[in-house]
Amino acid sequence: MTDDISNTVRCGAVRRGALGLLCGAAFALHPVTPAWAQADDLIIALSTFSEETMTPWSGSGQRKTYLDVVYEYLTYAEPGTLETIPGLAESWEMSPDGKTWTFRLRQGVQFSGGYGEMTSADVAYSIERLIREDSRAGPASPMRRLIASVETPDDHTVVVNLNYPDFELAQGYFGAAQQLGIVSRAHFDAMGEAEAEARPIGTGAYELSSITRGSEIVMSLRDDIETHWRVQPEFPNIVFKVVPEESTRVAMLRTGEADIAPIGFDSIPSVRNAGLSIVSAEATWSPVVRFGGLIEGSENRYNPDAPWAIREVRQALNYAVDKQTIIDELFHGEATVAASDTPVPAWSDVEPYPYDPDMARQLLQEAGFGNGFDVTIRTFTTSPGAELPLMAEAVALYWQDIGVNAVIEPVDWSSLRTEWIEGRATNYVWTHRGFPFSSAANGLEAGFMSASVFASYSTPTLEAMIQEFSTEEDRALREAAFLEIGQHLRDEAVGVFIALANEPWGISDKVGEWNITTAYMWNFDQVTRAD
């Protein structure tokens, strides 16, 4: 079986990155010289633009790759330590019960485009718009449940009242790892929602210069960059290009057509052999197989007829997979076997499922599926995540060994995401990636509370455990409750946990320093030039 997996991984490498091709018409705000021809520009080749929309609330967090040079956040994370540090908020304080947060805003911060100083009215508008019913942002639904009201007692003070305690609001939902980028209310009032959404205005160092749908986004330094409060970027333009095929991204790095690009683990040797550098953020994502239809109490998201609705079946599907072999062959050893849904240090002591196909067959027999069953695995490529289709093939082979017939169905992430949030992903499983959350509570609420559109598993028992954790004020008791949740998720086998994987990026010799952090914080506006 190990040899079969190795051959599948190696032979399937040519298919990597073949999904998710995009197309569309060109749209420009004003003419620009093709940025790839400009040696002074920073060129970033991405595998996808995701929804390719321009407001914090109009799509997934993946768009932060290009939106975060335009929008800024109330708090940031210090690279390396990930300590929460001031951003647009100079300071903040929490009430003893964790239900009221007061943010003091930095004064004098200007929006681009002449839209004036950022004030509490802009922050309040940004919050209210992110949690509106039609928001497509990932954290919108749990934030909508959390936030009771937002007050603006003066131009530089924002008071957020919560329906229940959140002891990590500043570093969590309101931090740079999430999607609460601050927009200009005056911009939306002046232009109307539809037109304003097409042209992003933020307090960041860059503004949108041009967009060619499905191909290129050019962000240019704002005219008043000399007085920017936070950064003084060294590149006049940042050019984001959609390059779905990994081999093309690697070739662009080698020829100087791209300066930064996410790469797969197979490409690391060739990039290094070309004399280029690798920046690898450690344990920043977790390849996982998610089960559809496991949201108990949700009429359109619970499928009791799915074989994996039975815990022993889910456990069997975990025991059946040799995760260390997948790590060795597919991730080149740059990962560790996962026992949880996301990279969480506090869950490091939770024991992963060992590879035990005999136990898997026994559990299937006990659950009434001794002859196996049929299942569809949907898979897609993303960044990080170019390896997901090959991982699906490996998982399918392991499942076949215990009598489970898996049919792999390639899809694009946008389509799968839509089915997931609309409650139509109940009769199949899919490969996915988990990310670390700067707030542990945020990760639990997003993945395991039925109120979240991105929940993949939820039961009344688990929700009660999460509620107890979220409202516990004593730090030691909170840590104990969190560890108990991690063990529960493992024991219930809420997904097929594969690995906690690194995220490698190839870097051209034009780039000096780049302090990538984790959890949706790329810091492209702080990339320096090589000496």
Side-chain angles (χ1 to χ4, degrees), residues 35-36 38-49 61-73 76-83 85 87 175-177 204-206 217-221 225 228 230-243 246 249-265 267-268 270-272 274-285 334 343 382-386 435-436 438 501-531:
W36 57 264
Q38 300 175 19
D40 288 340
D41 296 339
L42 179 66
I43 306 168
I44 301 173
L46 302 172
S47 64
T48 179
F49 284 164
Q62 182 68 39
R63 301 167 308 127
K64 285 165 57 65
T65 46
Y66 49 91
L67 291 184
D68 277 7
V69 301
V70 173
Y71 299 114
E72 294 180 315
Y73 298 86
Y76 283 86
E78 183 71 34
T81 67
L82 296 183
E83 177 186 355
I85 58 176
Y206 289 84
I217 295 173
V218 181
M219 300 293 190
S220 299
L221 285 176
I225 187 60
H228 194 268
R230 186 174 63 90
V231 291
Q232 289 294 312
E234 298 188 12
F235 294 93
N237 300 295
I238 302 180
V239 182
F240 298 92
K241 289 180 169 292
V242 169
V243 185
E246 181 182 344
R249 295 198 301 273
V250 172
M252 292 173 69
L253 286 168
R254 293 168 65 100
T255 61
E257 294 177 85
D259 302 308
I260 297 177
I263 61 174
F265 298 94
S267 297
I268 291 176
S270 64
V271 170
R272 283 183 171 148
L276 304 178
S277 301
I278 302 293
V279 170
S280 190
E282 294 187 1
T284 59
W285 67 292
E334 291 212 18
T382 186
S383 178
F435 281 94
S438 53
N502 299 342
E503 181 182 355
W505 293 70
I507 309 296
S508 80
D509 54 12
K510 187 196 300 183
V511 173
E513 293 186 4
W514 176 36
N515 291 319
I516 184 174
T517 55
T518 62
Y520 284 130
M521 292 178 283
W522 289 276
N523 301 327
F524 289 133
D525 54 6
Q526 298 179 45
V527 175
T528 67
R529 295 179 183 276
D531 294 333

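These numbers were taken from a predicted model, which means no experiment stands behind them. Numbering of residues begins at 1 and proceeds along the displayed sequence.
Residues that satisfy the side chain to side chain contact (heavy atoms under 4.5 Å, CB included) test with R230, not counting sequence neighbours, are E72, Y76, H228, D525, Q526.
For the pair I507 and I278, the minimum side-chain heavy-atom distance is 4.5 Å or more. The side-chain heavy atoms of V70 and M219, taken from C-beta on, include a pair separated by under 4.5 Å. V279 has its side chain out of reach of P504: every pair of non-hydrogen atoms, C-beta onward, lies at least 4.5 Å apart. Side-chain contact check for S508 versus I260: every heavy-atom pair is 4.5 Å or farther apart. When side chains are defined from C-beta on, N502 does not count as touching T284, because their heavy atoms never get closer than 4.5 Å.
Checked by atom type, the side-chain pair Y206/N237 shows no donor-acceptor distance below 3.5 Å. A donor and an acceptor atom, one from each side chain of S267 and E246, are located under 3.5 Å apart.
With rounding to the nearest 0.5 Å, the separation of CD1 in I43 from CZ in F240 is 11.5 Å. The CD1 atom of I516 sits 8.0 Å away from atom CG of N523, with the distance rounded to the nearest 0.5 Å. The CZ atom of F265 sits 6.0 Å away from atom CD of E334, with the distance rounded to the nearest 0.5 Å. For the atom pair CG of L46 and NZ of K241, the computed distance is 11.0 Å after rounding to the nearest 0.5 Å.
Of the possible donor and acceptor atoms, one in the side chain of K64 sits under 3.5 Å from a partner among the backbone N and O of A176. In terms of modelled atom types and a separation under 3.5 Å, the side chain of R249 and the main chain of V243 share a donor-acceptor contact. Within the 3.5 Å criterion, the main-chain N or O of T382 finds no donor-acceptor partner in the side chain of T48. Under the 3.5 Å distance criterion, the side-chain polar atoms of Q232 are matched with a main-chain donor or acceptor of I225. Between the side chain of R529 and the main chain of E234, a donor-acceptor pair closer than 3.5 Å is present.
Looking at every heavy atom in both residues, S270 comes nearest to V250 through OG-CG1, 4.0 Å. Considering every non-hydrogen atom in both A258 and A45, the closest pair reads CB-CB, 4.1 Å.
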inquiry  = Does I238 form a side-chain contact (heavy atoms from CB on, under 4.5 Å) with I44? I'd like the steps, not just the answer.
reply    = CA-CA 7 Å; I238 302 180; I44 301 173; 3.7 Å; yes
task = Kindly determine whether N515 and V527 satisfy side-chain contact (heavy atoms from CB on, under 4.5 Å), including the steps that lead there.
result = CA-CA 7 Å; N515 291 319; V527 175; over 6 Å; no
Residues L253, I263; criterion side-chain contact (heavy atoms from CB on, under 4.5 Å); working and verdict = CA-CA 10 Å; L253 286 168; I263 61 174; 4.1 Å; yes
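Taking the ring centre of F49 as origin, the terminal cationic atom of R63 falls outside the region bounded by 6.0 Å and 45° from the ring axis.
Between W522 and W514, the gap from one ring centroid to the other reaches at least 6.0 Å.
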